[in-house]
Amino acid sequence: MSILNVAWLIPLFPFLAFVAIALYAHRDQVLSHRLAVGGIAGAFLLAQIAFWAFVLGHHAGVPFQASGIKWLFLGEQVFMLGLYIDPATAIMLFMVPLVCLMIFIYSVGYMQGDPRYSRFFAYISLFATGMLGLVVFDNLLTFFIFWEIMGTCSYLLIGFWYEKPSAFAAGLKAFLVTKVGDLFFILGLVVLYAEVGSLAYRDLFSVATLQHLAQPGYLGLPVAPATVIALLLFGGTMGKSAQFPLHTWLPDAMEGPTPVSALIHAATMVSAGVFLVVRAYPLFTAVPGVQLPFVTVIGAVTAMLGALIAVAQDDIKRVLAFSTISQLGYMVAALGTGAYVAGVFHLVTHAFFKALLFLSSGSVLHGMEHAHHHVIGESHTAQSAFDPNDMLSMGGLGKRMPRTAIAFLVGGLALSGFPVFTAGFWSKDEILAQTYVSNPPVFGVLAAAAALTAFYTARQLSLTFLGEPRSKAAAHAKESGDSMTIPLLILAGFSVVLGWVGIPEHFPLLGGLIPNWFEHFMGASLEMGPGPAHEAALAFAWQPLVVGLSVALGGLGAGYLVYGRRPLQSGEPDRVLQAFRAVKMGWVYRALQQRLYFDQLYQATFVKGSIVLARIASWLDRAVIDGSVLRAASLVRAVSGFVAWLDRVIVDALVDLVGRGARVTARALTWFDTHVVDSVVNVASWLGRLGAMASGFTDDAVLDNLSGGVAGLVGNLGRALRTVQTGRVQDYLWLALLAILALAIVFFIPF
């Protein structure tokens with residue numbers, strides 16, 4: 001098993017720190033920052049092991065690949081998660097954890113006393129996880145997932161002080177603008193998967209795949225799939241790396257804490273956008289003549305645009321923000337012109353000196369804020385009006401904050417491309433040399449941007465550190481603590497010595513004294529070969545060297561003459577503004593101050609346009625869709641009303657009539673029953689009772705008496721007959737009389 005397999009654990013350590021802080025340690029601030037710093041320190045150690053193992057065992061640019069985790073199932077297809085370490089990955093593993101570690105250590109001092117201290121360290125740990133996972137894994141799908149993790153963290157961290165409306169709005173703006181680029185990115189992945197059936201690098205970058213993607217005829221059009229895919233992926237870079245016209249979110253990202261700005265501008269986020277082009281570079285070069293020229297133009301325009309706007313900014317962090325936009329344009333333009341190695345080299349050197357500059361500016365702000373709140377003790381109104389970021393309120397800080405001033409000076413010189421001494425010179429000079437041969441117009445644009453960069457850097461250094469304090473806060477500012485200044489000194493060292501690994505072999509005097517290790521190391525990773533532009537740039541040309549030296553020294557000298565030789569006084573307007581006003585062009589400077597009105601333009605078009613579309617959609621929903629529903633409902637209500645009327649007037653009337661008839665019939669029957677039937681029944685009953693009484697009377701009074709009379713008569717007759725029988729004559733006579741009477745009765749009474 002290769003030692004490079006330790007790379008599996010590199011993103012794990014900061015992720016575990018995030019989980020531990022979020023679930024448990026957030027109640028303890030000290031434990032929270034220890035977990036965060038420990039997590040990134042563990043990632044740094046493992047990354048150094050992986051980097052040196054790859055460098056020492058590296059042969060001819062062959063990437064190290066390891067697949068071992070089944071992590072996603074799509075029907076019968078199984079997505080494997082693995083490692084992919086090539087020279088570009090190795091360089092990023094050296095740079096990202098190291099810069100993150102310095103920023104994490106710096107944050108311990110900078111964020112001290114913040115009520116959401118633990119939450120901050122949880123967020124930046126997840127932020128680092130996103131960047132490290134994006135770098136080490138072996139397919140574009142995981143690249144996109146970790147890309148989105150970083151996007152979420154940027155939203156949370158830019159709007160970290162969400163009680164400020166400006167911070168909340170900046171976080172939302174960053175999230176929405178970058179999502180525009182993310183939409184293009186994911187569409188590129190969809191097209192790529194549809195064409196190849198895989199998103200793993202080993203499949204995408206094979207010769208057969210690249211040849212297939214280079215064939216024209218995509219969707220029946222005279223365009224190759226590789227062109228469509230590369231342009232869609234570059235849309236993601238435009239959003240993440242703030243390339244024109246999606247650059248507007250990055251300056252507002254300064255609303256977050258300064259360590260967040262350093263993370264975004266140096267080690268994560270914007271570096272990820274450029275790294276996407278680096279990682280997918282074979283797709284960009286598969287079809288020459290379409291996508292790379294587009295990339296070049298966007299990069300060159302962005303480089304000049306950022307440099308121009310930075311000249312007129314008074315916010316110390318916004319100057320650096322537009323500087324980052326410009327330098328990212330440098331990198332993108334270099335990659336577009338085929339200067340692959342130079343572009344990656346500038347990506348690495350820029351990470352160190354831009355992290356140095358942002359952390360140095362944070363040290364300045366820390367000193368200004370503490371002086372204002374704890375020493376001066378001004379009223380609430382004055383506090384709310386005070387802006388610690390305003391360079392016009394600074395001045396003289398070089399004496400009060402010497403370590404910060406030295407660090408800022410080194411970072412500024414590296415940004416300006418100060419000759420020989422700084423790493424920025426070597427990476428920027430190589431880009432100028434490459435573009436001079438391959439694309440002279442782009443060379444001219446980048447040289448002009450370099451001159452502006454040196455000028456606004458000298459302006460920033462002079463306004464911040466030279467002269468006398470222009471505010472009470474600047475007069476009472478103190479140097480930051482060791483937890484903030486030690487990382488500055490370490491980054492300052494890298495901002496100098498890192499350039500020595502990329503000294504061109506053709507450079508006068510120094511070329512060949514120190515091997516151009518970076519060129520050989522990164523150049524071997526280009527499977528497609530160095531290409532014409534790269535080959536041509538290998539020959540020495542004194543013109544780009546002279547131009548590079550001239551613009552760097554000339555810009556720094558001009559900036560010093562305007563702002564440093566006679567430092568600005570309190571209340572004095574900006575010297576460049578005065579110069580523009582003198583030639584009746586103050587509107588140009590105001591336009592630069594307003595960022596060339598891009599935000600207002602987007603507000604008037606996209607934002608208000610979206611509001612208008614929303615209102616139209618609302619009207620359609622209300623008047624058409626809801627109107628149709630309401631009209632249908634009205635019709636239903638009308639029909640229901642008619643049916644209800646029929647039910648009420650006719651059906652109910654008939655029912656009521658039938659009911660009334662039934663009630664009348666029932667009442668008649670009741671009356672008939674009560675008055676007739678009951679009477680008849682009563683009469684019959686009475687007659688029955690009367691008959692019974694008569695029958696009883698007849699039985700008792702007549703029949704019984706008759707029976708008794710007959711019985712008595714018979715008895716008397718018997719006694720008479722007994723008398724006759726006994727010979728009594730009178731008895732016989734009575735008997736004869738009775739017989740006569742009986743016969744008479746029978747005769748006269750009819751039966």
Side-chain angles (χ1 to χ4, degrees), residues 11 14-15 17-19 21-22 26 29 32-33 35-37 39-40 43 96-97 99-134 146-179 182 239-242 248-273 315 317-318 320-321 324 351 354-355 357-359 361-362 365-366 389 484 487:
F15 179 72
F18 161 73
V19 172
I21 296 171
H26 59 275
Q29 292 188 354
S32 295
H33 81 240
L35 285 171
V37 174
I40 196 64
V96 173
V99 175
C100 285
L101 178 60
M102 296 298 102
I103 295 172
F104 277 43
I105 295 172
Y106 176 93
S107 300
V108 174
Y110 187 88
M111 296 301 294
Q112 195 68 42
D114 192 282
R116 292 187 286 272
Y117 184 86
S118 297
R119 180 184 298 184
F120 176 83
F121 280 97
Y123 287 166
I124 62 174
S125 295
L126 185 60
F127 209 169
T129 300
M131 186 63 186
L132 293 171
L134 174 149
F146 285 103
W147 174 284
E148 289 299 297
I149 290 174
M150 282 196 297
T152 302
C153 291
S154 69
Y155 167 74
L156 296 172
L157 287 166
I158 293 170
F160 185 75
W161 290 321
Y162 52 79
E163 61 274 6
K164 294 170 53 181
S166 58
F168 170 78
L172 185 61
K173 182 179 181 180
F175 188 81
L176 293 177
V177 174
T178 56
K179 284 297 163 290
D182 295 351
K240 217 68 161 184
S241 291
T248 56
W249 69 270
L250 192 57
D252 291 334
M254 302 304 96
E255 291 291 339
T258 299
V260 174
S261 302
L263 275 174
I264 291 175
H265 289 253
T268 61
M269 198 69 176
V270 298
S271 297
D315 186 306
K317 289 174 65 177
R318 279 194 169 83
L320 298 177
T324 299
K354 189 51 64 72
L357 285 169
F358 267 107
L359 296 185
S361 70
L365 299 181
H366 190 267
N389 291 34
M484 296 175 62

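Only heavy atoms go into these numbers, but all of them, side chains included; no hydrogens, no water, no symmetry mates. We're numbering straight along the sequence, starting at 1.
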Once rounded to the nearest 0.5 Å, what's the spacing between atom [atom1] of [X] and atom [atom2] of [Y]?
| X | Y | atom1 | atom2 | answer |
| --- | --- | --- | --- | --- |
| Leu126 | Met150 | CG | CE | 10.5 Å |
| Ser361 | Leu320 | OG | CG | 5.0 Å |
| Ile158 | Cys153 | CD1 | SG | 11.0 Å |
| Ser32 | Met111 | OG | CE | 12.0 Å |
| Ser261 | Met269 | OG | CE | 12.0 Å |
| Met131 | Ile264 | CE | CD1 | 12.5 Å |

Answer yes or no: is there a donor N or O on one side and an acceptor on the other, between the side chain of [X] and the main chain of [Y], under 3.5 Å?
| X | Y | value |
| --- | --- | --- |
| Ser241 | Val270 | yes |
| Arg116 | Phe160 | yes |
| Thr268 | Leu263 | yes |
| His366 | Gly362 | no |

| message | Applying side-chain hydrogen bond (donor to acceptor under 3.5 Å, both in side chains) as the test, list every pair that has at least one member in residues 99-114; sequence neighbours left out. | response | Tyr110-Thr258, Asp114-Trp161
[X] versus [Y]: any side-chain heavy-atom pair under 4.5 Å?
| X | Y | value |
| --- | --- | --- |
| Lys317 | Leu365 | yes |
| Gln29 | Phe120 | no |
| Asp182 | Trp147 | yes |

| task | Can you label the angle between the His33 ring and the Tyr117 ring as parallel, tilted or perpendicular, going by 30° and 60°? | result | perpendicular
| request: State which residue, out of Leu132, Leu134, Ile149, fulfils the side chain to side chain contact (heavy atoms under 4.5 Å, CB included) condition with Pro11. | output: Leu132
| So, for Tyr123 and Phe127, is the gap between ring centers shorter than 6.0 Å? | no
By side-chain hydrogen bond (donor to acceptor under 3.5 Å, both in side chains) - contacts of [X] (at least two apart):
| X | result |
| --- | --- |
| Tyr155 | none |
| Asn389 | Asp315 |
| Thr178 | none |

In a table with atom names and distances, give each donor-acceptor pair under 3.5 Å that connects a side chain of residues 165-176 to protein atoms at least two apart or in another chain.
residue	atom	partner	partner atom	Å
Ser166	OG	Glu255	OE1	3.1
Lys173	NZ	Thr248	O	3.4
Lys173	NZ	Asp252	OD2	2.6
Lys173	NZ	Asp599	OD1	2.4

| note | Residues Ala266 and Val99: closest non-hydrogen pair is CB-CG1, 4.2 Å
| If every non-hydrogen atom of Ile21 is compared with every non-hydrogen atom of Ser118, which pair is closest and at what distance? | CG2-O, 3.4 Å
| task | Taking ring-ring contact (aromatic ring centres under 6.0 Å, His included) as the test, write out the residues that go with Phe104, two or more places apart. | result | none
